[in-house]
Amino acid sequence: MDVRRRNNITETGNPHGRPVVLAHGFGCDQNMWRLTVPALAEDHRVVLFDYVGSGRSDLSAFTEDRYSSLHGYAQDVVEVCEALDLRDAVFVGHSVSAMTGVLAADLAPERIGALVMVAPSPRYIDDEGYRGGFSAEDIDELLESLEANYLGWSAAMAPVIMGNAERPELGEELKNSFCATDPDMARVFARTTFLSDCRQDLKSVRVPTLVLECTQDAIAPREVGAFVHQAVPGSVLVTLDATGHCPHLSAPEATNRAITAFLAGLR
Amino acid sequence: MCRTGQQPDPHDSGRGAWTDAAFAALLEDSAEELYDSAPCGYLSTLMDGTIAKINATLLGWLGRDRAEVVGRMRFTDLLTVGGKLYHETHYAPLLRMQGEISGIALEVKRSDGVRMPVLVSSAVKHGSTGEPVLIRTTLFDARDRRAYEEELLRGRKEAEKARKQAEEARRQAEEARRQAEADRARLQEALAVLQQSLLPADLPPIPGMSTAAHYHTASPDRLGGDFYDVFPLDGKRFAFFLGDVCGKGPQAAAVTSLTRYTLRAAALHESDPVTALTTLDTVLHERYTGTGDPRYCTAIFGTVDPDPVSGHATVRLASGGHPPALVLRADGTADYLPTPGGFLVGALPGARFATTGTVLGPGDTLLLYTDGLTEARTGTSRDSLYGDDALLAFATTHAGDAPDALVHALTDLLAGFGDGLDDDTALLALGVPAPAPTPSRT
């Protein structure tokens, strides 16, 4: 199995530095980190990849069975680390990927030595004594919308979504192609993401952990950031003056400062 | 074509007036007016999504007042939850990365809770120093388009469902076919075993004579109705018979079985050929009369008495409605042994049977056969029968052949008929070996 090709692995930065693995969340792909990479490249070996089913990964490697669980995505992370023989890497995961990192660190403790969680959420749905930000009905609505391909169906993407597989060049021309994952696979990823519950897993984290939250995040509200911070033993919580769910895009300088400060503290 | 000049051209005279009116209307349609009542929704937000400006068209769609929206709501507050999540995970990141994004399908939620599908495009406006200052967003009403897309999706899903059903039906048919083939193989195996039980596994050696037999099965699916047997009567004489039960299949096989064992038992009791056939006639008639399924057969029954001293064998035959036996002589001639007038066996009580006899000398062979051979269809269009004359001619060319050579030649002949041979065929040959060097076989 060629994991480098399967997960579209990109390596950059200082080959002698401590490895930092940047993992995208539900939505786009490794392009999400383009404003983060320059801040890390000088001192770190930077590894980017796409989960199978996203970006430019090998879509033929996707099986609904494996990727219907976050463990399937965590397995991707472990296999990426193994393919590059990374040791003691810092895993930076956005959104649901922060939880994938927790699972991967548990699976391969020698590979992952620290975690950075960007806008993490261990559970998106409200529960007794827990506010995740969404009701079960909200998530059902999202999944239904994705099921029917109602969302994100841009004029240019329509032919792709309608199954014009005989014209693959259409996908290449799309301006938004790196966020335009196969709708069936995106649906599986969405279901896995928004129905996951990793609250218990947080307690078993044994590595230094940085939790980054935004002041205004519709997907991971501040209660969730506080929950993660409390659940992960010894974690550091930094609240970024940023709105939205993607501080590494909306407030890259602040995000990079927080991450590099955390990395410096690890030495 | 030329104009006369007197007639004013309607366009010439109208153009000036029309242009004036158009410009006047355009002047009245101020940019602000155009913005507010454009046939699409306009929205400007701060970089954090807070709505700074919104046009009347969009407010109308949303069913909201400007005051409750501007400065109070974010763009994502206008979206459904699914749309909100999509905005955060796809739309906003793409907009950040590209500076613009176009034609994305989202849904806005009206104040009354009704969802409205829209196509959304956004562009980031940058300040003089290049920093992003606000996001301009346009929304198009996509309700008709959504209805059309839903119809397409529904059609696609139905096609997919039909394809899956067809696939499943094909799989089931394939499974049924494999099952049927397995059943058929098992049935053929059982039938082959049953068929063998109707025929002797080996012919017993007759001192001073040689014998050969062949059975051709027309269809492996169906039990045939032909039969033959050879068995010892006493220390010296042997009995033999060959016949053809009417019909095919299990019922015919039952008759065949009854016939074979009746003839064997009858012959042991009284070896006279006519008596043997008469006993069979009585048994079949009793067994099948009144069943509504009358069963009968044609048969030749014979005894052979080889004389080791003279090297001759005396043959006595009785026939019930069966094609005549053939005698192939060592001198190169062949003749039928006519047995006319014999009744079908089992059709009537007290049937009469025709008798005949001959003496086989060294190199002579007696051939019994069923009508599968003479009624094989020949010719390119399979419309004529092989017939008695052709068989006699064939026999003549093989006169002098030992029984196994003759049966071998006839087997080749049968194979040559191909699909013209559609009935079971039994062959039985008994002969006195010619003097050496002709090899003999028991």
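Residue numbers start from 1 in every chain, and the chains themselves are labelled A, B, ... in the order their sequence lines are given, proteins ahead of strands. Source: prediction; values computed, not measured.
- For an aromatic pair to be called close, the ring centres must be under 6.0 Å apart, and A:Phe26 with B:His90 satisfies this.
- Annotation: residues 115-127 of chain A contacts chain B through no residue [non-hydrogen atoms, separation under 4.5 Å].
- A 4.5 Å side-chain heavy-atom check between A:Leu212 and A:Ile259 finds at least one atom pair inside the cut-off.
- In this structure, the side chains of A:Asp76 and A:Arg66 come closer than 4.5 Å at one or more pairs of heavy atoms.
- Minimum heavy-atom separation, A:Arg131 to A:Val224: O-CG2, 3.4 Å.
- Residues A:Met32 and B:Met97 form a side-chain contact, since some pair of their non-hydrogen atoms from C-beta on lies under 4.5 Å apart.
- Heavy-atom proximity under 4.5 angstrom to chain A picks out B:Met47, B:Asp48 from residues 42-65 of chain B.
- For the pair B:Arg145/B:Pro117, no side-chain contact is recorded, criterion being any heavy-atom separation below 4.5 Å from C-beta on.
- Side-chain contact between A:Tyr51 and A:Thr100: present, with at least one pair of heavy atoms (C-beta onward) separated by less than 4.5 Å.
- Counting heavy atoms from C-beta outward, B:Tyr91 and B:Val120 have side chains that approach closer than 4.5 Å.
- For the pair B:Glu88 (side chain) and A:His245 (backbone), a donor-acceptor distance under 3.5 Å is present.
- Options A:Arg34, A:His248, A:Glu137 differ in how many heavy-atom pairs under 4.5 Å they form with chain B, and the most are formed by A:Arg34.
- Taking the six-membered ring wherever Trp is involved, the centroid distance between the rings of A:Trp33 and A:His24 does not fall below 6.0 Å.
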